Participant: 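Let me begin by handing over the structure; questions about it come next.
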Amino acid sequence: MSDRPHPILIGVAALVYFFLMVPLVIVVGAALSDTTYLTFPPQGLSLRWFENIFAISAFRRTIVTSLQIAFLGTLIALLIGIPAAYALNRFRVELPRWLGTLFVLPILVPEIVFGFALLKSLTVGAGVPVFVALLIGHTLLVLPYVVRVISASLASFDFSIEEAAISLGSAPVKTFFTIVLPNVRAGVIAAFILAFITSLNDVSVSLFLTGPGISTLPIQILAHVEQFFDPTVASVSVLLMFLTVAVMAVVERTLGLTFLAK
Amino acid sequence: MTRRFWRRNGATGWALTAPATLAVIGFLLVPIGAVIAGTFMDPRGVFAPYMSYFNSGFRTTVLFRTLQIAALTTVISLIFGFMTAYVVLRAPGKLKSLLIVAAVFPLLTGVVVRAFAWLIILGRNGILNQTLLALGITSEPLEMLYTQGAVIIGMVYLFVPLMVLSLVGVLENIPKDVLQASSSLGASPLATFWQVLLPLAVPGLIVGAVLVFTGSFTAYATPQLLGGERQTVLATLLHQRAMVSFDWVGASTIAAIMTVITITIVLAMSHIARRINPMAT
């Protein structure tokens, strides 16, 4: 396996990486341009389009909504997902196999169909407030990631440690918090980050669940692009990219990035 | 204490999974089931919404266009993803982790941002047109946006990183001694590739292909921004029927068609992947 790949293959891989990186570089360049239209390479450097993000109230509001939804949705998904992942591993024999498949379903179903179905049943059908419907949609959107990532780290946990603690007199609930949870801490952090980023970037589920006055950042960007073609969107994009880099740096520090590639 | 805990095993398991189970059933299965069931309760007849869908030339065109875009995206991502994953796997340690990070990063950048980047590149006054004009290759700007090619480029851009990462995982799991045995028994590198590596990678390739196909079959933001109305796909048609025309029956029919096609492909392909796995015992 140590032999070098054929030069043509190396060339193709280099082109693929060029293809992956260049558009992102262009977005950063366009965001820094001093012109009123989108251009690259930037003509005159300026940060005024970054100021413009916060000058537009729709962006200010949707950034806050997006962060609230991503944070709360991830939190709820962890609260219901961690016990589920634990039970799926701990009671593997007692629980039916389809239960594990059930939690992967939100990935199998087309997101846009899911969003439409929630609009029909919750917002229109039951009169659920827009924010609540959005939160429910995002919670379910990220639940599969939470269950899968935490299950993966529980799979390598030795449950006999837990049994030892219980047989020595520790209460099951206390054992979970003092023995099991600290051992899968890395998995919980990874699940949180993956879920948070997924929710923050989501378009398809949010598309139908935004209403008057309540929208998420990606939906607002989409609406803005269709009306104006100025560098504001480029600078919002860069802002989102910085957020991603920051999150990735934290992951790299704590877990190593190969963890996310799994 | 221990004994009581053990006896309650099954019940404890059910209780712990209950909140998540109820959430998935109540907020996902029931609403989607209701959308699909609703399409069969049309006063015009049981299959009326489907008949009017398939009798419309425009809507069948949209369905086939969506399938075509998804298929081409999958094939292109598969070819380039496989070659790239092969190189990434053989890169020396430090470079390898750098290449993996470089593939993860675009994956974590939102779909809107990634589609928007191509809007700047492919637009009428975009970078590509400016470059072509400056080099004198064309005398007037080319119409690249709102074509099927633009949508496919945007989709390949979306899914190549995913393909590279999942195929690196697949290739990594192929035991090295199998390949060494092949070459030490006299097979040429090309023969090792076609007769040993590729057959072993096929189940993983299928899993990657299903991910990309279903992802591009149901994508909304990329076809909306790069394809516009001229390249309407099922996802954009669904949104347009529901939010612009308020045609709820039409929208539900599209939703049902998308769901059935997606789930059929996922189940069929994962069944095939399991059956042809030569490493399965």
Side-chain angles (χ1 to χ4, degrees), chain A residues 1 4-5 9-10 12-13 16-17 20 23-24 26-27 30 38 40 80-81 83-84 86-88 91 94-95 99 102-103 105-106 108-114 116-118 120-121 136 140 143 166-167 169 172 197 201 203-204 207 218 221-222 225 233 237 240-241 244 248 257-258 260-261, chain B residues 1-2 5 9-10 12-13 16-17 19-21 23-24 27-28 31-32 34-35 80 83-84 86-88 90 97 100-106 108-114 116-121 127 157 160-161 165 176 179 218 220-221 225 235 238-239 242 251 255 258-259 262-263 266:
Chain A
M1 289 283 271
R4 280 168 67 89
L9 276 180
I10 296 180
V12 170
V16 167
Y17 273 99
L20 285 184
L24 298 178
I26 287 172
V27 172
L38 278 162
F40 185 90
I80 63 177
Y86 169 79
L88 285 178
F91 306 110
E94 290 86 354
L95 294 175
L99 207 56
L102 188 76
F103 301 125
L105 272 182
L108 290 187
V109 170
E111 279 177 33
I112 192 161
V113 171
F114 175 48
F116 174 66
L118 282 185
K120 246 185 122 177
S121 60
I136 291 174
L140 279 153
L143 183 65
I166 291 172
S167 67
I197 290 178
N201 285 325
V203 174
S204 295
L207 189 64
I221 295 178
L222 214 54
V225 172
V233 170
S237 304
L240 271 172
M241 275 157 65
T244 311
M248 279 176 77
L257 268 169
T258 38
L260 281 180
Chain B
M1 191 74 210
T2 317
F5 181 69
N9 255 352
T12 315
L16 289 172
T17 52
T21 309
V24 173
F27 294 124
L28 188 103
I32 290 176
V35 165
F80 286 103
M83 292 201 267
T84 310
Y86 189 82
V87 173
V88 170
R90 278 168 171 69
S97 33
I100 288 179
V101 173
V104 172
F105 182 67
L108 296 179
T109 311
V111 285
V112 179
V113 174
R114 288 191 280 163
F116 171 71
W118 286 98
L119 213 57
I120 311 177
I121 299 172
I127 296 152
Y157 185 63
V160 155
L165 290 175
K176 285 175 190 164
L179 302 177
T218 58
Y220 172 82
L225 285 180
L238 167 59
H239 182 251
M258 285 175 86
T259 310
T262 308
I263 289 182
V266 170

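The chains referred to below are lettered A, B, ... by the order of the sequence lines, with proteins before strands, and numbering in each begins at 1. Worth knowing before you read on, the calculation uses all heavy atoms, side chains too, and leaves out hydrogens, waters and symmetry mates. Predicted model only: the values in this text are computed from it and were never measured.
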Participant: Considering only heavy atoms, which portion of A34(B) lies under 4.5 Å from any heavy atom of chain A: side chain, backbone, both, or neither?
Facilitator: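 When you check distances to chain A, no heavy atom of A34(B) falls under 4.5 Å.
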Participant: Do you know which of P83(A), S204(A), A87(A) has the most heavy-atom pairs under 4.5 Å to chain B?
Facilitator: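 Top count of heavy-atom pairs under 4.5 Å with chain B: P83(A).
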Participant: How far does CG of L28(B) sit from CG of L140(A), to the nearest 0.5 angstrom?
Facilitator: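 Nearest 0.5 Å value for the CG-CG distance: 6.0 Å.
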Participant: Considering only heavy atoms and a distance below 4.5 Å, find which of L20(A), L88(A), V109(A), V12(A) pairs most often with chain B.
Facilitator: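 Ranked by heavy-atom pairs under 4.5 Å with chain B, first place is L20(A).
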Participant: Shorter than 4.5 Å, heavy atoms on both sides: which option in L118(A), L102(A), L240(A), L105(A) has the most such pairs with chain B?
Facilitator: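 Option with the greatest count: L102(A).
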Participant: Are T218(B) and V113(A) side-chain neighbours, meaning at least one heavy-atom pair lies under 4.5 Å?
Facilitator: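 In short, these two side chains do not touch, never coming nearer than 4.5 Å.
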Participant: Are there over 12 heavy-atom neighbours, none belonging to F80(B), within less than 6.0 Å of that residue's CZ?
Facilitator: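 At most 12 heavy atoms, drawn from other residues, nucleotides or ligands, come within 6.0 Å of this atom.
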Participant: Please classify the contact between I32(B) and chain A as side chain, backbone, both or neither, with a heavy-atom cut-off of under 4.5 Å.
Facilitator: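 Both parts, heavy atoms under 4.5 Å.
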Participant: Between L207(A), L99(A), L222(A), who has the most heavy-atom pairs with chain B when the cutoff is under 4.5 Å?
Facilitator: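 Top count of heavy-atom pairs under 4.5 Å with chain B: L207(A).
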Participant: Is chain A contacted by the side chain of T21(B), its backbone, both, or neither, given a heavy-atom distance below 4.5 Å?
Facilitator: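 Both backbone and side chain of T21(B) come within 4.5 Å of chain A.
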Participant: Looking at V111(B), is its backbone amide N or carbonyl O close enough to the side chain of N201(A) to form a donor-acceptor pair, meaning the two atoms are under 3.5 Å apart?
Facilitator: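 Checked: no pair found.
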Participant: Might you point out which heavy atoms bring A20(B) and I80(A) nearest each other, and give the distance in Å?
Facilitator: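 It is CB-O, 3.7 Å.
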Participant: At a heavy-atom distance under 4.5 Å, which candidate from A102(B), A221(B), P161(B), A242(B) has the highest pair count against chain A?
Facilitator: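 It is A102(B).
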Participant: Which one of I10(A), L24(A), I221(A) has the most heavy-atom pairs closer than 4.5 Å to chain B?
Facilitator: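 Between I10(A), L24(A), I221(A), the count favours L24(A).
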Participant: Does a side-chain heavy-atom distance below 4.5 Å link V88(B) with Y17(A)?
Facilitator: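 Heavy-atom side-chain distance check passes, below 4.5 Å.
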Participant: Shorter than 4.5 Å, heavy atoms on both sides: which option in S121(A), P110(A), A13(A) has the most such pairs with chain B?
Facilitator: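 Of S121(A), P110(A), A13(A), P110(A) has the most heavy-atom pairs under 4.5 Å with chain B.
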Participant: Relative to chain B, which segment of L95(A) carries a heavy atom at a distance below 4.5 Å: side chain, backbone, both, or neither?
Facilitator: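 The answer is the side chain of L95(A).
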Participant: What are the two closest non-hydrogen atoms of L108(A) and V266(B), and how far apart are they?
Facilitator: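 Looking at all heavy atoms of both residues, the shortest contact is CD2-CG1, 3.5 Å.
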Participant: In terms of heavy-atom proximity below 4.5 Å to chain B, should V225(A) be classed as side chain, backbone, both, or neither?
Facilitator: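 Contact with chain B: side chain only.
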Participant: Evaluate the side-chain contact (heavy atoms from CB on, under 4.5 Å) criterion for residues F91(A) and T17(B): first the C-alpha distance (whole Å), next the side-chain angles of each, then the deciding distance (0.1 Å), finally the verdict.
Facilitator: CA-CA 10 Å; F91(A) 306 110; T17(B) 52; over 6 Å; no
Participant: Can you tell me how far the CZ atom of F27(B) sits from the CD1 atom of I136(A), to the nearest 0.5 Å?
Facilitator: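 So the CZ of F27(B) and the CD1 of I136(A) are separated by 4.0 Å.
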